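Remarks on the structure that follows.
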Amino acid sequence: QVQLVESGGGSVQAGGSLRLSCAASGDTYSRYCMGWFRQAPGKRREGVARIYRNSGNTYYADSVKGRFTISQDNAKNTLYLQMNSLKPEDTAMYFCAAASPSTRGSSFGGCDFGYWGQGTQVTVSS
């Protein structure tokens, strides 16, 4: 079983930065791909960024390329999302997610995510 706990959300003005963290536990097979999703009120959940646990290969949504950076510390079992140059349209609940090779769920960047954290709110004011 995989458990994911996010932290680091908050309120920031446009142009500011935040770093989200996700503490992960459970077998590494079930966490071979890790990612961040977000969901704004009244909108569908969307993928933001993902990283392969072993290779470190990353993939980003076009809307965040050049502004957000996904990274991981495997020794600490922690996933990060550094968010710079934040915009009001980045306001959303952000979710940490994990995928195993056999997971069937929300697809993004070649991974199917089936394990989810509880989310952390990010609010960007203009």
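Any value given below was found using the heavy atoms of this structure, including those in side chains, with hydrogens, waters and symmetry copies removed. These numbers come from a predicted model, not from an experiment.
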Distance-only donor-acceptor pairs under 3.5 Å for side chains of residues 14-27, two or more places apart:
residue, atom, partner, partner atom, Å
S17, OG, N84, OD1, 2.9
D27, OD1, S30, OG, 3.2
D27, OD2, Y29, N, 3.4
D27, OD2, S30, N, 2.8
D27, OD2, S30, OG, 2.8

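A distance-only check finds no donor-acceptor pair linking the side chain of W116 to the backbone of L4 [under 3.5 Å]. The backbone N or O of V5 lies less than 3.5 Å from no partner atom in the side chain of Q118, so there is not a single donor-acceptor pair. With hydrogens and angles ignored, the 3.5 Å screen pairs a side-chain donor or acceptor of S100 with a backbone N or O of T103. Side-chain atoms of N74 come within 3.5 Å of backbone atoms of R53 as a donor-acceptor pair (strictly under, hydrogens ignored). In this structure, E46 contributes its side chain and A40 its backbone to no donor-acceptor pair below 3.5 Å.
No side-chain heavy atom of R38 sits less than 4.5 Å from a side-chain heavy atom of T91. S71 is not listed as a side-chain neighbour of Q82, based on a closest heavy-atom distance of 4.5 Å or more.
Linking Ile, Leu, Val, Met, Phe, Trp and Tyr whenever their side-chain heavy atoms come within less than 4.5 Å puts V122 and W36 in one cluster. In the hydrophobic cluster analysis, where Ile, Leu, Val, Met, Phe, Trp and Tyr join through side-chain heavy atoms closer than 4.5 angstrom, V64 is grouped together with V12. F95 and V48 fall into different hydrophobic clusters, where Ile, Leu, Val, Met, Phe, Trp and Tyr are joined by side-chain heavy atoms under 4.5 Å apart, directly or via other members. Following chains of ILVMFWY side-chain contacts shorter than 4.5 Å, one cannot reach Y52 starting from Y80, and the two form parts of different hydrophobic clusters. Using a 4.5 Å cut-off between side-chain heavy atoms of Ile, Leu, Val, Met, Phe, Trp and Tyr, with links allowed through other members, V124 and L81 fall into the same hydrophobic cluster.
Closest approach of M93 and G119 over heavy atoms only: SD-C, 3.7 Å. Annotation for I70 and Y60: closest pair N-OH, 2.9 Å, computed over non-hydrogen atoms. Y32 and C111 get closest at one heavy-atom pair: OH-SG, 4.3 Å. Across all their heavy atoms, C96 and L79 have their closest contact at SG-CD2, 3.9 Å. Across all their heavy atoms, M83 and L86 have their closest contact at CB-CD2, 3.8 Å. Contact record, R67 with S85: NH1-O, 2.9 Å, taken as the closest heavy-atom pair.
Annotation: Q3, atom CD; neighbour count of heavy atoms from other residues, nucleotides and ligands within 6.0 Å does not exceed 12. No more than 12 heavy atoms of other residues, nucleotides or ligands shown are found within 6.0 angstrom of CD on Q1.
Applying the side-chain contact (heavy atoms from CB on, under 4.5 Å) test to E89 and every residue at least two apart in sequence or in another chain returns K87.
Note on ring orientation: taking the six-membered ring where Trp is involved, the planes of F37 and F113 are perpendicular (angle over 60°, cut-offs 30° and 60°).
The OG1 atom of T58 sits 10.0 Å away from atom NZ of K65, with the distance rounded to the nearest 0.5 Å. Atom CE of M34 is separated from atom CZ of R50 by 13.0 Å, given to the nearest 0.5 angstrom.
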